[in-house]
Amino acid sequence: MVASTAVQSKPGASAGPVVPDARALLAWYDRHRRDLPWRARPGETPDPYRVWLSEIMLQQTTVAAVKPYYERFLARFPTVEALAAAPQEAVMQAWAGLGYYSRARNLHACAQAVVARFGGRFPAEEADLRSLPGIGAYTAGAVAAIAFDRVAVAVDGNVERVISRLHAVEEALPKAKPAIRALALALVPRKRPGDFAQAMMDLGATVCTPRKPACVLCPWSSPCRARASGEAETYPRKRARAEGRLRRGAAFVALRTDGAVLLRTRPGKGLLGGMAEVPGSDWSPDYDPRRGLADAPLPASWRRLPGSVRHVFTHFPLELTVFLAKVPADTRAPAGARWVGRAELDGEALPNVMRKVVTHALSAAS
DNA sequence: AATACGTGGTT
DNA sequence: TAACCAAGTAT
């Protein structure tokens, strides 16, 4: 009689375990882990400050977009103490262009809280982390696991996809979040929980991708219920998202003869909170173009520029009509606004939509 | 529970 | 190209 292995009892039977196992994923991770600037090399001790900074930047943001910001930010604010001591304006400026600006405000507040409440050392307990500004369930788990090697889950979009496929979770997101979290937690090993957390994310980012998952390369292909059904790509199930209505408005670029541009700072909360902008109207689906110059910041010979600036936010598209006026060098800035020289524009905390507006106006002015 | 909150890359 | 998606959090 021919000796047989325990797992392959008859021809055509699938090989490998029928239950997902952490060791298989960790073995895959040891071979295929991504080398990322904020990630400690094997044997190195992670720096909680860097782990935390990267996790905040990576919220809803791609690795490629984060890399240059992370490097610049770390060079400018090397420690949590340095960040805590910096003016908020400097933090907003360093974040400008990355999006979701409440992250930058909370980042700054969090650094100050870590210094004030924890002596400048990030806490290792998830509950303590969770109490800090800008740190939610995901980030608390990620920092606990990655920076402190605690048994914790970090359920991001990658993990939701991996787990929902592995177990063929039929419940749609976001309702399925608690179930997915529980299923993920059940897989976390006592040893190397930090690597396991990162392995789940790497797997989701490089193998268990939203479209065309590379199941043949997956260490969990054999226990994967979605793969067995041949419809891995249809997971996770999701509720359709409502589409935002187009909003319109006007933006006014006042250009002094010395090249300075009139800017103001938006209110601290809400859309683009705390960021710089060109004066303008409110943005509304009901904006009436006949308002014309009613929202202009100062009296001048305003010229409506041909075309418009379009921008798409997460929850609505925006169309801005741009007005341009050239004014004398001795023109006073109205209350709440300030003149900014052309050379200093790059140093301003201008969100991308406002950079588009300024570019549109300056190209028309030349 | 549902919505607000940016931006850029991919398909 | 329109739609989807990316290491989510706050309210």
Side-chain angles (χ1 to χ4, degrees), chain A residues 33-34 36-39 50-70 92 95-107 109-110 129-147 152-162 172-178 181 184 194 196-206 208-212 233-234 236 238-245 247 266-275 277 283 310-318 349-356:
Chain A
R33 69 199 299 264
R34 289 178 292 175
L36 301 170
W38 45 85
R39 188 173 270 182
R50 297 181 184 209
V51 172
W52 163 74
L53 175 61
S54 69
E55 289 301 339
I56 301 297
M57 285 187 165
L58 287 161
Q59 290 169 5
Q60 297 291 284
T61 308
T62 58
V63 166
V66 164
K67 275 181 181 173
Y69 279 86
Y70 173 82
M92 301 310 289
W95 201 275
L98 242 200
Y100 283 138
Y101 300 100
S102 67
R103 291 185 297 174
R105 287 179 261 126
N106 285 331
L107 186 88
C110 182
L129 289 162
R130 190 72 180 72
S131 75
L132 292 164
I135 297 186
Y138 162 77
T139 305
V143 173
I146 298 170
V153 278
V155 184
D156 70 338
N158 290 306
V159 175
E160 286 176 348
R161 191 166 57 251
V162 169
L173 289 170
K175 249 182 189 161
K177 276 174 182 283
R181 185 180 177 79
F196 183 79
Q198 295 175 91
M200 291 266 274
M201 291 188 268
D202 276 18
L203 187 70
T206 65
C208 194
T209 47
R211 259 102 20 124
K212 310 268 187 200
E233 197 171 327
T234 67
K238 289 191 180 182
R239 182 180 58 85
R241 199 166 54 80
E243 188 144 331
R245 286 176 64 194
R247 300 185 198 181
R266 294 177 63 91
K269 293 188 173 183
L271 185 67
L272 305 175
M275 301 297 285
E277 68 172 1
W283 303 340
R310 292 168 176 278
H311 191 76
V312 180
F313 293 99
T314 306
H315 49 306
F316 68 91
L318 175 68
L350 281 171
N352 279 8
V353 61
M354 285 299 147
R355 294 202 182 268
K356 284 186 192 177

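First the proteins, then the strands, lettered A, B, ... as listed; each starts at 1. FYI, side chains are in, hydrogens and waters are out, and symmetry mates aren't considered; it's all heavy atoms of this structure.
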Quiz item: Considering heavy-atom distances to DNA chain C, does A:L36 or A:L132 have its closest nucleotide positioned more toward the 5' end?
Solution: A:L36

Quiz item: Could you state the CG-P distance from A:L318 to B:dG6, rounded to the nearest angstrom?
Solution: 12 Å

Quiz item: What integer number of Å spans the P atoms of B:dT11 and C:dA7?
Solution: 14 Å

Self-check item: Which nucleotide in C:dA7, C:dA10, B:dG6 has an atom nearest any side-chain atom of A:L272
Solution: B:dG6

Quiz item: Donor-acceptor pair, A:S54 side chain versus A:V51 backbone, under 3.5 Å?
Solution: yes

Close N/O contacts between protein and nucleotides 2-4 of chain B (under 3.5 Å):
none

Protein-nucleotides 9-11 of chain B N/O pairs closer than 3.5 Å?
none

Self-check item: pair A:V66-A:W38: side-chain heavy atoms closer than 4.5 Å
Solution: yes

Exercise. Take atom C1' in C:dT1 and the same atom in C:dC5, then report the distance between them in whole Å.
Key: 16 Å

Quiz item: Just wondering, are more than 12 heavy atoms of other shown residues or ligands nearer than 6.0 Å to CZ in A:R34?
Solution: yes

Quiz item: Does any N or O donor sit under 3.5 Å from an N or O acceptor when you compare the side chain of A:T61 with the base of B:dG8?
Solution: no

Quiz item: Under 3.5 Å, side chain of A:R239 to main-chain N/O of A:A172, donor-acceptor pair present?
Solution: no

Practice problem: Kindly say if A:N352 contacts the phosphate of B:dG8, meaning a side-chain N or O under 4.0 Å from OP1 or OP2. | Solution: yes

Exercise. Hey, which sits more toward the 5' end of DNA chain C by its nearest nucleotide, A:T139 or A:E243?
Key: A:E243

Quiz item: Any donor-acceptor pair under 3.5 Å linking the side chain of A:R33 with the backbone of A:D202?
Solution: no

Quiz item: Given C:dA10, B:dG6, C:dA7, which nucleotide is nearest the side-chain atoms of A:N158?
Solution: C:dA7

Quiz item: Which part of the nucleic acid, if any, lies within reach of A:W38 when heavy atoms closer than 4.0 Å are counted: base, sugar-phosphate only, or nothing?
Solution: base

Quiz item: Looking across every strand, which nucleic acid part, if any, lies under 4.0 Å from A:G97 by heavy atom: base, sugar-phosphate, or nothing?
Solution: sugar-phosphate

Exercise. Using only side-chain N and O atoms of A:Q60, determine if any of them is under 4.0 Å from OP1 or OP2 of C:dA6.
Key: no

Exercise. Could you tell me which non-hydrogen atom of A:A184 sits nearest to which non-hydrogen atom of A:V159, and how far apart they are?
Key: CB-CG1, 4.2 Å

Quiz prompt | Between A:N158 and A:R161, a side-chain donor and acceptor under 3.5 Å | solution = yes

Practice problem: Respond yes when some side-chain nitrogen or oxygen of A:H311 is under 4.0 Å from OP1 or OP2 of B:dT7, and no when none is. | Solution: yes

Practice problem: Report which part of the nucleic acid A:R105 touches: base, sugar-phosphate, or nothing (heavy-atom distance under 4.0 Å, all strands). | Solution: nothing

Quiz item: In terms of side-chain heavy atoms, does A:Q59 have a donor or acceptor partner in A:Y138 at a distance below 3.5 Å?
Solution: no

Quiz item: Between atom CD in A:Q59 and atom C1' in C:dC5, what is the gap in whole Å?
Solution: 16 Å

Self-check item: P spacing across the pair B:dG6 / C:dT11, given as an integer number of angstrom
Solution: 14 Å

Quiz item: Within this structure, what is the OH-to-C1' distance between A:Y100 and B:dC5, rounded to whole angstrom?
Solution: 5 Å

Exercise. Might you point out which heavy atoms bring A:R103 and A:M57 nearest each other, and give the distance in Å?
Key: NH1-O, 2.8 Å

Self-check item: Atom-to-atom span, CZ of A:F316 to P of B:dT7 - whole angstrom
Solution: 10 Å

Practice problem: Decide yes or no, distance alone: a donor-acceptor N/O pair under 3.5 angstrom between the base of C:dG8 and the side-chain of A:Y138. | Solution: no

Quiz item: Rounding to a whole Å, what distance do you find between A:I135:CD1 and C:dA10:P?
Solution: 9 Å

Quiz item: Taking for each residue the nucleotide of DNA chain B bearing the nearest heavy atom, is the 5' side occupied by A:V353 or by A:K175?
Solution: A:K175

Practice problem: I would like to know whether A:R39 and A:Q198 meet side chain to side chain donor-acceptor pair (under 3.5 Å); could you show each step before the answer? | Solution: CA-CA 9 Å; A:R39 188 173 270 182; A:Q198 295 175 91; 2.9 Å; yes

Quiz item: How many Å lie between CZ on A:R103 and P on C:dA6, as a whole number?
Solution: 15 Å

Quiz item: Nearest-Å distance, CD1 (A:I56) to P (B:dT7)?
Solution: 18 Å

Self-check item: Minimum-distance pair of heavy atoms, taken over all atoms of A:G270 and A:R105
Solution: O-NH2, 3.9 Å

Quiz prompt | Span that lies between the C1' atom of C:dA10 and that of B:dA1, in whole angstrom | solution = 14 Å

Practice problem: Measure the acute angle between the ring planes of A:F316 and A:F313, then classify it against the limits of 30° and 60° as parallel, tilted or perpendicular. | Solution: tilted

Self-check item: Rounded interatomic separation in angstrom, taking CG from A:L173 and C1' from C:dC5
Solution: 13 Å

Practice problem: Using only side-chain N and O atoms of A:R161, determine if any of them is under 4.0 Å from OP1 or OP2 of C:dA6. | Solution: yes

Quiz item: With rounding to whole Å, what would you report as the distance between C:dA6 and B:dC5 at their P atoms?
Solution: 22 Å

Quiz prompt | Closest to the A:P351 side chain, choosing from C:dC5, B:dG6, B:dT7 | solution = B:dT7

